Amino acid sequence: MPESRRLPVPDGLEGARIDAALAKMLGFSRTFAAEVVAEGGVRVDGASVGKSDRVAAGSWVDVEWTPKQDPQVVPVEVPELQIVFQDDDIVVIDKPAGVAAHPSLGWEGPTVLGALLAAGVPVATSGSAERQGIVHRLDVGTSGLMVVAKSERAYTLLKRAFKDRTVDKIYHAVVQGHPDPFAGTIDAPIGRHPGHPWKFAVRPDGKDSVTHYETLEAFPRASLLEVHLETGRTHQIRVHMAAHRHPCVGDPLYGSDPTLAERLGLTRQWLHAHELGFEHPATGERVTFTSPYPADLQHAVDLLRDGLL
């Protein structure tokens, strides 16, 4: 059944976009808030609005929407997903591309949680129902290492470790062109793209985001980088490299050349979570895991090394 609310815009949201204001006022996700606006379910002081319109403090907002059922974790076998390590507290997995970390509205494909459920691997019950045990994520199109908490202690300590930036997250990426300098740091805040809510961009009002990179190999049209993440923003590597005019190869969302990706046989961005290191939440011992390149990424690198492109 549809629900409705009528409420004033607080002073703290003066000048906010209507979708951002709804997210704050009603607890919606930005994506769902934008959908409600697009469907004509929002009026401000009696007038229709677009999702990028901004609100004034004291204005009255009328909202009508149909609640969506929370996404459910569905057990689905994912043979390509490899369990690298597990004990009573954690499970480290090597995630293939095409698999999401957890269920979300609009995603109908396989998930890490669904694969673990199908494999009989229990996870911590902390977190929302569709994100239990998840302490960090990888993009659907990014392959590589993730750690999932199996115990409540592990969930708490790993979440704190990611927040305190004591987790080593090392990625390998093939980007277009040759970064100048060959090694450096990109320190640029990231927030949602002002015109496309499903994208992110460097913007002055974004969250602090720091990426360290080093060129491992240079090819005629591309470079293989090792990337260390100091922060963990959504799409961080993809956004930072694109902002420096070196998007990840195979990433058209952030401006890569589709012709190059096609010639390399890529159907997703060349980005791989290669190494993950952290203090084990039970023993305190520093543990490190590495993941080799999956076949599609290795094939692309082989072509570049052979000078065929």
Side-chain angles (χ1 to χ4, degrees), residues 12-13 15-24 28-34 51-52 54 95 97 100-102 104 106-107 131 134-146 159-177 179-181 183-215 223 225-256 268-274 276:
L13 292 178
R17 282 171 46 127
I18 183 62
D19 54 354
L22 288 178
K24 293 285 188 182
F28 292 167
S29 69
R30 284 284 291 270
T31 300
F32 182 61
K51 65 183 179 183
S52 60
R54 300 187 178 272
K95 185 187 84 68
H102 56 75
S104 60
W107 175 252
R131 299 190 184 191
I134 295 293
V135 294
H136 71 125
R137 296 178 292 177
L138 294 178
D139 297 341
V140 171
T142 299
S143 54
L145 294 167
M146 284 182 59
K159 288 289 284 187
R160 184 181 304 163
F162 277 97
K163 181 178 180 181
D164 293 343
R165 304 180 183 178
T166 61
V167 178
D168 292 328
K169 297 169 288 183
I170 300 176
Y171 293 71
H172 283 187
V174 171
V175 302
Q176 291 180 195
D180 183 12
T185 295
I186 303 172
D187 185 350
I190 291 176
R192 287 198 178 271
H193 193 288
H196 306 285
W198 58 90
K199 290 179 60 176
F200 292 81
V202 169
R203 47 186 301 167
D205 59 347
K207 295 180 179 179
D208 68 301
S209 307
V210 180
T211 300
H212 309 283
Y213 71 89
E214 177 182 357
T215 301
S223 301
L225 309 183
E226 181 167 284
V227 182
H228 297 242
L229 286 186
E230 188 172 317
T231 53
R233 308 304 176 198
T234 303
H235 297 183
Q236 180 172 321
I237 296 172
R238 299 164 65 189
V239 170
H240 271 172
M241 297 316 302
H244 281 249
R245 300 183 300 281
H246 300 290
C248 293
V249 173
D251 190 6
L253 183 64
Y254 289 103
S256 69
R268 48 103 168 195
Q269 67 262 17
W270 204 117
L271 182 60
H272 184 66
H274 174 65
L276 185 65

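We use all heavy atoms of the structure for the numbers below, so side chains are in, but hydrogens, waters and symmetry mates are not. Everything numeric here is computed off the predicted structure, so don't read it as measured data.
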What one should report as the nearest heavy-atom pair of A101 and R137 is CB-CG, 3.8 Å

Going from CG on L13 to CZ on R54, what distance comes out if it is rounded to the nearest 0.5 angstrom?
-> 12.0 Å

Correct closest heavy-atom pair for P179 and T215 would be CD-OG1, 4.4 Å

Distance-minimising heavy-atom pair for A33 and A23 | CB-N, 4.5 Å

In Å and rounded to the nearest 0.5 Å, what is the CD to OH distance from Q236 to Y171?
-> 8.5 Å

Kindly check if the number of other-residue, nucleotide or ligand heavy atoms within 6.0 Å of CZ (R165) is above 12?
-> yes

Starting from the C-alpha separation in whole Å, work towards a yes-or-no answer on side chain to side chain contact (heavy atoms under 4.5 Å, CB included) for L145 and K169.
-> CA-CA 9 Å; L145 294 167; K169 297 169 288 183; over 6 Å; no

Assess whether side chain to side chain contact (heavy atoms under 4.5 Å, CB included) is satisfied between M241 and I186, documenting all intermediate values.
-> CA-CA 9 Å; M241 297 316 302; I186 303 172; 3.9 Å; yes

If you take all heavy atoms of S256 and C248, which pair is closest and at what distance?
-> CB-O, 3.3 Å

Identify the residue among K95, Q269, H272 that makes a side chain to side chain donor-acceptor pair (under 3.5 Å) with S143.
-> H272

Rounded to the nearest 0.5 Å, the OG1 atom of T185 sits from the NE2 atom of H228 at a distance of 10.0 Å

Please examine the side chains of R203 and P194, heavy atoms only from C-beta on, and report whether any two atoms are closer than 4.5 Å.
-> yes

Hey, what do you get for NE2 (H240) to OG (S209), rounding to the nearest 0.5 Å?
-> 5.0 Å

Check: Y254/H235 side-chain N/O donor and acceptor closer than 3.5 Å = yes

Is it true that a side-chain atom of R245 and a backbone atom of G177 form a donor plus acceptor pair closer than 3.5 Å?
-> no

Run through R268, R238, Q176 and flag the one making a side chain to side chain donor-acceptor pair (under 3.5 Å) with D251.
-> R238

Heavy-atom nearest pair, A97 first then G141, reads CB-O, 3.9 Å

With side chain to side chain contact (heavy atoms under 4.5 Å, CB included) as the test, would you mind laying out the steps for F200 and H193 before giving the verdict?
-> CA-CA 5 Å; F200 292 81; H193 193 288; 5.9 Å; no

Kindly indicate, with the supporting measurements, whether the criterion side chain to side chain contact (heavy atoms under 4.5 Å, CB included) is fulfilled by T211 and L229.
-> CA-CA 5 Å; T211 300; L229 286 186; 3.8 Å; yes

From R233 CZ over to D208 CG, what is the distance, rounded to the nearest 0.5 angstrom?
-> 5.0 Å

So CD1 of I237 and OG1 of T142: to nearest 0.5 Å the spacing works out to 7.5 Å

Given side chain to side chain donor-acceptor pair (under 3.5 Å), test H172 with E226 step by step and report yes or no.
-> CA-CA 5 Å; H172 283 187; E226 181 167 284; 3.1 Å; yes

